[in-house]
Structures are given as C-alpha cells and as structure tokens.
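Before any comments, here is the structure.
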Amino acid sequence: MKRSVIGGALICCAASLMTQPVSAAQAKNIIFFLGDGMGPVTQTAARIYAGEKAGLEVPETYKLAMEKLDYAARIKTYSEDAQTTDSAPGMASYMTGMKSKNEVISMTPDANPNDDDGNPYQSDGDSLCPETGNGEAARTLLEILKAEGYSTGVVTTTRITHATPATTYAHICNRNAENTIATQMVPGGDGYNSALGNDGIDVILGGGRRHFLPAPDGRRSDDRDLIMEMQGAGYTYVSSGSELGNVDLGSTEKLFGLFNSSDLNYELDRVNNDLDEPSLAEMTGSAIDILSRNQDGYFLMVEGGRIDHALHGTNAKRALEDTLAFDQAIAAAVEKADLENTLIIVTADHDHVMAFNGYSKIGNPVLGLLKEYRTGGLALDAQGKPFTTLVFGNGGGPREADRATLTEDEVLQDDYLQEVGVKLGGPGSETHGGGDIRLNAGGAGSELFKGTLDNVDVFGLIHEAMGL
C-alpha cells in the first residue's frame with residue numbers, strides 16, 4: 001500500500017484519515033472530471049437535450065454517462081469568504097482539502113487575492129502577490145500523487161492556466177496572474193513549482209498559448225518562450241487536433257498540447273466550423289493511453305470548462321452542447337479505464353443561476369418555447385406573450401419591461417440568449433449560483449461518495465479510496 005507524506009497544513013487531514021478503514025476496492029488510478037459551472041439544472045437540461053438528439057419519444061428518460069456511475073452525493077460549495085464560490089476555491093477545495101478565498105489558487109485560507117484597498121495582486125497577467133505574509137501553498141492531490149510515483153495529467157477546454165486546471169499544479173494568490181501560473185509548470189525554469197518533481201506533469205492538454213509566448217504572438221511581459229522551454233524539458237508539443245491524432249501514444253512519455261491562443265472553441269462551433277481542435281473526449285483518451293502505462297497508477301483531471309463560459313453569456317444552447325461533449329469524455333474514460341482499480345469522479349465547482357421554468361409538457365424541446373402540459377399550447381405570461389423553458393436569474397441577456405413576442409425559430413438559434421430576471425452589465429455578466437451541486441462516482445472506492453458533503457470532504461475521501 002502506498003502512503004503519502006502529507007506535510008504542512010495537511011497534517012491534520014492525514015491524521016484523521018489514519019483512523020478510517022480503507023475502502024475494500026482500493027483505487028490505483030483516479031480520473032477527476034470537473035464540469036465547470038455544471039449545476040443541477042444544466043445537467044437536467046443536458047439530459048433532456050441529449051434525449052431529443054437521440055430521437056427518444058420521451059427524452060426525459062435519457063441517461064447521461066455520468067448518471068450511469070453507481071454513486072452520487074450532494075456537494076456544498078461555499079468558499080472561505082463567499083456564499084457563492086468562484087472556480088478557484090471551488091476546485092481547490094477538492095484538490096487541497098481546504099477552503100480558500102475567491103480568486104485564490106491552492107493556498108491556505110488566510111491568503112488574499114487583493115490588497116487592503118481592493119487592488120488585485122496581479123497586473124496584465126503577472127503576479128504581484130507578496131512573497132511573505134499572505135498565506136502559504138496548500139499541497140494539491142496532483143503534487144501528493146506525483147511524489148508517490150504516479151503519472152499525472154491535466155486536460156481542459158479552457159486555457160491551461162485558467163482557474164480550474166491551475167489549482168492542480170500552481171499556487172498563487174490571484175487567479176488572473178496567468179503568465180506567472182504558466183511558469184510554474186515548466187520544469188527547471190524560473191518560477192517552476194518544485195513540488196511537481198524534476199520532470200513535471202506528464203500530460204498537459206488545453207488552450208492558453210498566449211501565456212506561454214512573448215509579444216507579439218502572446219501576452220507575456222518577459223521574453224521567455226515557454227513552449228520552447230517545455231520542449232527542451234522533453235515534452236512532445238502539439239498545437240492542433242490533427243497533430244494530436246498523429247502522436248505515437250505508445251511511446252510518448254511527456255505530451256504538451258496548446259490548441260488555441262485562449263480557450264478552445266465551444267463544441268458547437270468546433271463541430272459546425274470543422275475546426276482543427278481536438279474534442280474533449282479525444283484529449284481524454286490520449287491522456288489515458290499515455291498515463292495508464294505507469295503500473296504504479298495515475299491521476300488525471302479533465303475539465304469541461306466552457307460550460308461555465310456559455311452560462312455566463314446566458315447562451316443555453318452552447319452550454320448544453322459543451323455539457324454533452326463533457327459527457328462524451330466521461331463515456332470514453334469509462335470505456336478505456338479498468339474500473340476494478342480506477343476511481344472516476346464527476347462533479348462541478350459551483351452552480352449557475354439558470355432555472356428550469358414553468359410547467360412544460362413531456363417531450364417539449366428544452367431550448368424551445370414552453371408548451372403547457374394540459375393543452376400543449378404555448379404558455380403565456382401576464383402580457384400574453386410566450387417564454388422559454390430555460391431562463392436565467394441574472395445576466396446580460398434580454399430584459400425589457402415590454403417583452404418581445406418570441407418565436408420557436410428564434411429561441412432555437414445557436415446565438416439566442418435566454419431572458420434574465422435581473423439585468424446586469426454586458427455579455428458574460430451572469431453570475432455563479434450558490435446552490436449545492438451533484439457528484440457522481442464509479443469504480444474502485446466509489447461507494448464512499450454519498451450523502452451531503454462539503455467540497456473539502458472529497459479530498460479526504462479520495463485519499464481513503466486510494467489507500468493513502
């Protein structure tokens with residue numbers, strides 16, 4: 001049985017785990033799926049949408065791959081300083097077993113992202129975090145397993161330096177210092193996170209090329225070409241879906257892929273425009289093929305990150321399409337992995353304020369106008385106008401005192417933005433929600449994940465499932 005030396009602020013967590021029995025089915029590998037912003041309404045709507053696409057007479061009966069996993073739990077998501085978390089402490093809670101403040105990446109609860117006047121500790125992507133007196137690094141699950149000889153991988157549809165993936169391998173007081181975050185993954189380079197060992201993370205796939213290159217091709221304020229540095233550290237570098245498809249996964253030891261200057265495209269646009277970017281399922285499968293060659297085990301984090309971005313934009317269709325792409329990645333992992341020794345966890349970091357509205361009839365298109373269950377006719381508001389099943393509590397979408405008369409064709413368009421209750425700023429202004437989210441688990445040790453849990457509890461349960 002492997003044991004981790006868990007230092008610093010995690011000693012308390014390790015000590016409490018020693019008194020708990022190890023799960024009968026010990027996990028050698030763990031694949032941690034994070035649907036960014038994938039709250040219960042998003043998951044429900046995606047299920048119905050998938051049933052519609054599959055042509056089911058009753059699309060509500062469809063089961064997503066994540067819903068076929070054997071165990072489920074309800075997760076509380078509040079952060080150290082906010083009822084409604086942002087992605088940084090939301091994901092870091094899973095990875096470190098600690099609460100942290102909003103905007104902080106894998107640091108202790110006393111770390112602050114801003115100075116006393118509210119000015120952020122970052123400027124144009126570079127960190128301004130004080131070197132002392134502002135919290136300490138909180139050891140992450142990836143770092144713990146890397147030290148124990150596991151292979152490690154991080155896959156995302158966002159920038160690889162974005163909040164969720166960064167919490168697995170970086171420590172910084174403000175999530176927006178993405179230039180500095182990038183340096184923490186480059187083995188041997190200035191600013192490298194030595195807790196990742198001499199050779200670093202084994203597989204890194206996502207977007208964010210701009211934070212690895214100096215101007216004019218990127219946004220770095222220094223003259224470092226971090227892509228070249230990663231190649232010098234032994235990584236095979238790929239920048240397109242076709243290049244990833246040509247990699248010899250049976251012999252490649254270290255793989256680094258950046259497929260966009262910023263985030264990868266939404267799944268709807270990737271497919272419709274035949275873009276040369278890999279799907280999340282393709283990235284996940286490639287990572288598993290490389291990491292699973294390590295007989296000691298592996299840790300892989302996979303993020304469906306653009307679910308969150310579409311929800312911020314009150315664009316439900318792209319949010320659901322990205323949720324289904326995320327689910328396809330889960331299905332690919334279930335097919336490839338040996339669940340006798342692999343734990344698969346699927347969860348979210350936080351909710352959003354999308355709501356499932358009214359009394360629509362069975363089989364009503366979830367993105368369409370709401371048809372009333374008694375008569376099948378359009379449901380009407382107090383002004384005598386139709387409305388959609390999916391709406392948002394706030395955001396930059398339509399919000400007029402005298403509502404427009406919506407048509408079915410209009411609301412089913414790719415770019416349609418759902419109406420909002422509280423009008424905020426411009427596009428992308430919709431907020432996270434503070435509600436609980438769902439966790440699904442399958443494979444070795446999955447029986448531990450049930451009931452109502454705080455997000456920090458998941459860290460300890462993973463340790464237990466893996467016999468650490």
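Residue numbers count from 1 along this sequence.
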Do we see a donor-acceptor contact under 3.5 Å between the side chains of [X] and [Y]?
X	Y	answer
Asp269	Asn265	no
Ser123	Asp126	no
His171	Gln184	no

Excluding sequence neighbours, so at least two apart, what forms salt bridge (Lys or Arg N to Asp or Glu O under 4.0 Å) with [X]?
X	result
Asp110	none
Asp457	none
Arg224	Glu229
Asp454	Lys99

Is there a donor-acceptor pair under 3.5 Å between the side chain of [X] and the backbone N or O of [Y]?
X	Y	answer
Asp81	Asn102	yes
Asn179	Arg219	yes
Asp115	Asn119	yes
Thr183	Thr180	yes

Should [X] and [Y] count as an ion pair when the cut-off is N to O under 4.0 Å?
X	Y	result
Glu178	Arg220	no
Lys146	Asp199	yes
Asp414	Lys317	yes
Asp322	Arg306	no
Asp289	Lys336	yes

Sequence neighbours excluded, which residues qualify as side-chain hydrogen bond (donor to acceptor under 3.5 Å, both in side chains) partners of [X]?
X	answer
Tyr94	Thr347
Asp327	none
Glu253	Arg293
Thr156	Thr158, Glu303

Go through it in stages, so that I can follow the logic: the residues are Arg438 and Glu67, the test is salt bridge (Lys or Arg N to Asp or Glu O under 4.0 Å), and I'd like the CA-CA distance, side-chain angles, deciding distance and then a yes or no. CA-CA 10 Å; Arg438 181 182 175 99; Glu67 296 171 331; 5.5 Å; no

List the steps and the verdict of salt bridge (Lys or Arg N to Asp or Glu O under 4.0 Å) for Lys28 and Asp296. CA-CA 7 Å; Lys28 182 176 78 169; Asp296 289 333; over 6 Å; no

Restricting to non-hydrogen atoms, name the atom on Ala348 and the atom on Leu34 that form the minimum distance, rounded to 0.1 Å.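 What the structure gives for the nearest pair is C-CD2, 3.5 Å.
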
Check: His162 ring centroid to His309 ring centroid under 6.0 Å: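 Centroid separation for His162 and His309: below 6.0 Å.
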
Are the ring centres of Tyr237 and Phe256 closer than 6.0 Å?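 Judged by ring-centre distance (under 6.0 Å), Tyr237 and Phe256 do meet the cut-off.
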
Evaluation steps, side chain to side chain donor-acceptor pair (under 3.5 Å), between Glu282 and Ser286: CA-CA 6 Å; Glu282 289 167 342; Ser286 298; over 6 Å; no

Residues in side-chain contact (heavy atoms from CB on, under 4.5 Å) contact with [X], at least two apart in sequence or another chain:
X	value
Ala163	Ser87, Ala88, Ile105, Arg175
Ala310	Tyr266, Arg318, Ala319
Asp70	none
Ser242	Ser240, Asp276

Out of Arg159, Met283, Arg270, which one pairs with Leu264 under the side chain to side chain contact (heavy atoms under 4.5 Å, CB included) rule?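 The residue from Arg159, Met283, Arg270 that satisfies side chain to side chain contact (heavy atoms under 4.5 Å, CB included) with Leu264 turns out to be Met283.
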
Classify the angle between the aromatic ring planes of His350 and His432 as parallel (below 30°), tilted (30 to 60°) or perpendicular (above 60°).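 If you compare the ring of His350 with that of His432, the planes turn out parallel.
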
Any non-hydrogen side-chain atom of Tyr150 less than 4.5 Å from a side-chain atom of Leu142?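 Tyr150 does not reach Leu142 side chain to side chain.
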
